[in-house]
Amino acid sequence: MGRYIIRRLLNMLVVVLVVSIITFGLMHAIPGGPFSREKKLPEETIRVLNERYHLDDPLWKQYGNYVYAVFIPHITTTPPSNSLSDDFMINVNIGSVWIRWMNFGPSYKSRSRSVNDIFRDNLPISAQLGLLSLILAVLIGLPLGVLSALKQNTILDYLGMGVAIFGVSVPVIVLGPILVWIFGVALKWLPVSGWGSHPPFLLGFLPTNFGWQYIKYAIMPTVALGLGSSAVIARLTRASLLQTVREDYIRTARSKGLRESVIISRHALKNSLIPVITILGPLFATLVTGTFVTELIFGIPGMGKYFVTSITNRDYPVIMGTILLYAVFLVLANLLVDIAYAYLDPRIKYD
Amino acid sequence: MPDLLLDVQGLNTQFKTSDGVVHAVNGVSFNLREGKTLAIVGESGCGKSVTMLSLLSLIPSPPGQITAGKAIFYNRDLLKLSNEEIRSVRGAQIGIIFQDPMTSLNPVLTIGFQLAEPLILHLGMTKVQAKSRAAELLSMVGIPNPAERLNDYPHQFSGGMRQRVMIAMAISCTPQILIADEPTTALDVTIQAQIVDLVKRLRDKLGMAIIWISHDLGVVAGIAHRVIVMYAGLIVEEAGVNDLYANPQHPYTIGLLGSLPRVDEKEHQRLVSIEGLPPVLYAHPKSCPFAPRCKWAVERCWNENPVLEEIEAGHRVACWVDVNTGKER
């Protein structure tokens with residue numbers, strides 16, 4: 001298993017490099033540049049800016065510099081400075097030598113921040129919201145799916161699947177404002193916007209003030225974001241469990257005289273979880289790296305907006321950073337899913 | 001009859017489908033004596049398995065439904081027991097082995113765990129006791145290194161070994177009846193013989209009665225005391241094993257025996273197949289369900305379904321025609 005994980009992590013490097021090449025190529029293929037404005041900047045300004053960010057260099061050189069800054073660990077004697085273009089994600093001090101790794105560069109748009117600042121300050125907030133939504137989605141979706149399967153074609157099943165269809169078909173952009181209007185504006189129970197925790201974070205991403213002050217901000221966006229996913233999980237769980245209870249080994253379990261609840265929890269559930277786990281991988285990557293609409297509606301300073309605005313702004317380092325981050329999360333999430341498979345099904349073995 | 005173990009009377013099982021009601025089992029009656037082996041043979045879809053699953057309330061319901069009959073087992077009617085009560089019979093007093101050992105064991109649980117389940121449930125053993133008993137059971141069914149194999153998963157066993165595990169599971173609580181639902185159909189011929197021998201050995205050792213379901217009269221000849229032949233959800237013939245093979249009285253039984261290769265034959269003859277297909281069991285025809293495939297069929301066969309009659313001691317047959325003379329009885 002250990003060797004398998006190492007092999008997969010090495011594969012991930014290849015994936016990320018390929019993604020970086022494609023992204024780099026595509027973003028430079030879009031017309032316009034980071035300093036194109038409706039009202040044109042003076043020639044001289046653009047020239048200075050391009051020179052400062054090395055945008056006049058040939059593309060292969062720009063890409064080479066990027067790969068060098070991000071992927072190659074730097075060993076220097078100079079300690080980290082406050083300079084935006086010298087902001088490395090990882091700085092390790094060994095004696096007088098510094099090992100420094102992953103400089104994603106400065107943002108062209110937010111002049112006072114580097115891409116690493118965005119990862120440090122905005123990503124944790126998105127990750128908190130994403131994790132909460134994912135937990136909610138599983139907590140609602142799994143029991144709802146099991147219940148619907150066990151009570152197939154009864155009123156409970158129809159009710160459960162009705163809720164699920166509602167969850168799938170009502171997008172956040174509709175559900176969000178409705179929640180805000182009911183619980184924020186009309187009832188005034190919950191704040192209409194904002195997020196309850198701020199940097200610095202515990203372990204880099206956990207809130208330091210977990211309590212009502214935090215939860216009251218989190219409830220509505222978590223529900224708005226998690227409900228759709230819970231519906232997907234519920235429908236998948238139901239379908240998978242219905243498939244499983246028709247298997248021969250479930251009949252064997254019945255023939256042993258086991259209680260129905262034991263048959264479901266011990267013999268059927270584990271077998272029916274594989275499709276559900278499969279979808280949790282990409283879902284995790286999507287939710288945790290930030291969601292544009294939800295964060296916009298609830299005014300959450302997460303990372304979702306950077307996925308969209310960086311492209312319209314031609315903010316090259318931010319485009320590269322966000323896309324690579326998403327790729328890494330996706331690959332890691334799928335690796336976790338594959339490890340979970342081996343735990344769920346002893347027939348699946350790696351090495 | 002002091003040694004009567006199970007007495008089934010007039011069992012009817014139906015499946016309600018969108019195409020209509022399927023009459024899978026139609027008034028099946030038979031009994032089973034202690035320590036004896038009863039074989040039920042017939043083509044696929046003739047209702048053999050459904051009969052057995054009905055006895056243990058294991059038919060999927062809906063759509064399945066037992067509409068009539070009783071099955072007396074130790075002064076209780078199995079068909080009238082509550083869910084709770086029938087669960088205490090399943091696996092404890094009546095064990096069952098299924099056809100396909102490749103799919104009948106749970107792939108994500110260890111053999112030891114699956115074997116221990118009924119022991120803990122019915123015999124109240126602790127986990128430790130159940131584990132050592134499970135190892136004993138595995139060695140009883142001829143699995144080498146039983147203690148080590150307890151932690152293995154079903155996919156680490158071959159088909160024949162898995163069927164041995166299934167047998168170990170079915171007999172774990174020393175049931176009075178073991179139902180074997182085509183236990184050798186999915187196995188290699190060489191393995192088939194081993195499994196039959198194993199079940200015979202266990203029967204004699206534990207003194208349990210066996211209901212052996214099969215479509216293979218050859219396998220049945222080696223293990224059964226009595227044989228029931230089923231067709232279209234009906235019993236068409238019942239006799240002692242020697243009597244049935246020497247003196248088959250129902251055209252369908254004759255057809256089944258004719259389609260079997262024999263080693264004692266002088267000259268090599270073509271195997272005979274029964275022409276046509278078994279009927280679809282939606283409507284209940286008035287006629288004998290076998291009439292369309294029967295070369296002895298007379299007028300009466302088309303108008304009246306024959307009833308099961310005892311033609312000699314211990315030999316029942318449902319046919320209007322005496323196949324020896326070709327005339328109506």
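Being a predicted model, the structure only gives us computed values, none of them experimental. Residue numbers start from 1 in every chain, and the chains themselves are labelled A, B, ... in the order their sequence lines are given, proteins ahead of strands.
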Can you see which heavy atom on [X] is nearest to which on [Y], and at what distance?
X: B:Leu32; Y: B:Ile210; result: CD1-O, 3.8 Å
X: A:Phe284; Y: A:Leu131; result: CE1-CD2, 3.7 Å
X: B:Val199; Y: B:Ile223; result: CG1-CD1, 4.1 Å
X: B:Ala168; Y: B:Leu138; result: CB-CD2, 4.5 Å

Indicate yes or no: at least one non-hydrogen side-chain atom of A:Phe210 is less than 4.5 angstrom from one of A:Leu202. no

Taking every heavy-atom pair that is under 4.5 Å apart, which of [options] has the most such pairs with chain A?
options: B:Leu56, B:Leu58, B:Leu53; result: B:Leu58
options: B:Pro60, B:Pro118, B:Gly91, B:Pro107; result: B:Pro107
options: B:Ile94, B:Leu109, B:Ile97; result: B:Leu109

Chain A contact via B:Met102 - side chain, backbone, both or neither, heavy atoms under 4.5 Å: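 No part of it gets close to chain A.
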
Using non-hydrogen atoms and a 4.5 Å limit, figure out which bit of B:Leu121 sits close to chain A: side chain, backbone, both or neither.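 For B:Leu121, the side chain is the part near chain A, not the backbone.
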
Go through the steps for A:Phe307 and A:Phe292 under the test side chain to side chain contact (heavy atoms under 4.5 Å, CB included), then give the verdict. CA-CA 8 Å; A:Phe307 280 91; A:Phe292 180 66; over 6 Å; no

Short side-chain to backbone donor-acceptor contact, B:Lys70 and B:Leu79, under 3.5 Å: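 Such a contact is absent between B:Lys70 side chain and B:Leu79 backbone.
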
Flag, side chain of B:Lys80 to backbone of B:Ala71, donor-acceptor distance under 3.5 Å: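 Not at all, since once roles are kept as given, no pair shorter than 3.5 Å links the two residues.
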
Between chain B and chain A, going by a 3.5 Å limit, which atoms form donor-acceptor pairs, if any?
from: B:Arg87; atom 1: NH1; to: A:Gly257; atom 2: O; distance (Å): 3.1
from: B:Arg90; atom 1: NH1; to: A:Arg254; atom 2: O; distance (Å): 3.4
from: B:Gly91; atom 1: N; to: A:Ser255; atom 2: O; distance (Å): 3.1
from: B:Thr103; atom 1: O; to: A:Tyr249; atom 2: N; distance (Å): 3.2
from: B:Thr103; atom 1: OG1; to: A:Asp248; atom 2: OD2; distance (Å): 2.5
from: B:Ser104; atom 1: O; to: A:Thr252; atom 2: OG1; distance (Å): 2.7
from: B:Asn106; atom 1: OD1; to: A:Asn271; atom 2: ND2; distance (Å): 2.9
from: B:Asn106; atom 1: ND2; to: A:His267; atom 2: O; distance (Å): 3.0
from: B:Asn106; atom 1: ND2; to: A:His267; atom 2: ND1; distance (Å): 3.1
from: B:Gln114; atom 1: O; to: A:Lys256; atom 2: NZ; distance (Å): 2.8
from: B:Glu117; atom 1: OE1; to: A:Lys256; atom 2: NZ; distance (Å): 2.8
from: B:Glu117; atom 1: OE1; to: A:His267; atom 2: NE2; distance (Å): 2.8
from: B:Glu117; atom 1: OE2; to: A:Arg266; atom 2: NH1; distance (Å): 2.6
from: B:Glu117; atom 1: OE2; to: A:His267; atom 2: NE2; distance (Å): 2.8
from: B:His122; atom 1: NE2; to: A:Lys256; atom 2: O; distance (Å): 2.7

Looking only at heavy atoms and a cut-off of under 4.5 Å, which of A:Leu344, A:Ile250, A:Leu258, A:Val262 has the most pairs with chain B?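 The residue among A:Leu344, A:Ile250, A:Leu258, A:Val262 with the greatest pair count is A:Leu258.
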
Give, for atom CD1 of B:Ile120 and atom NZ of B:Lys131, the distance between the pair rounded to the nearest 0.5 Å. 11.5 Å

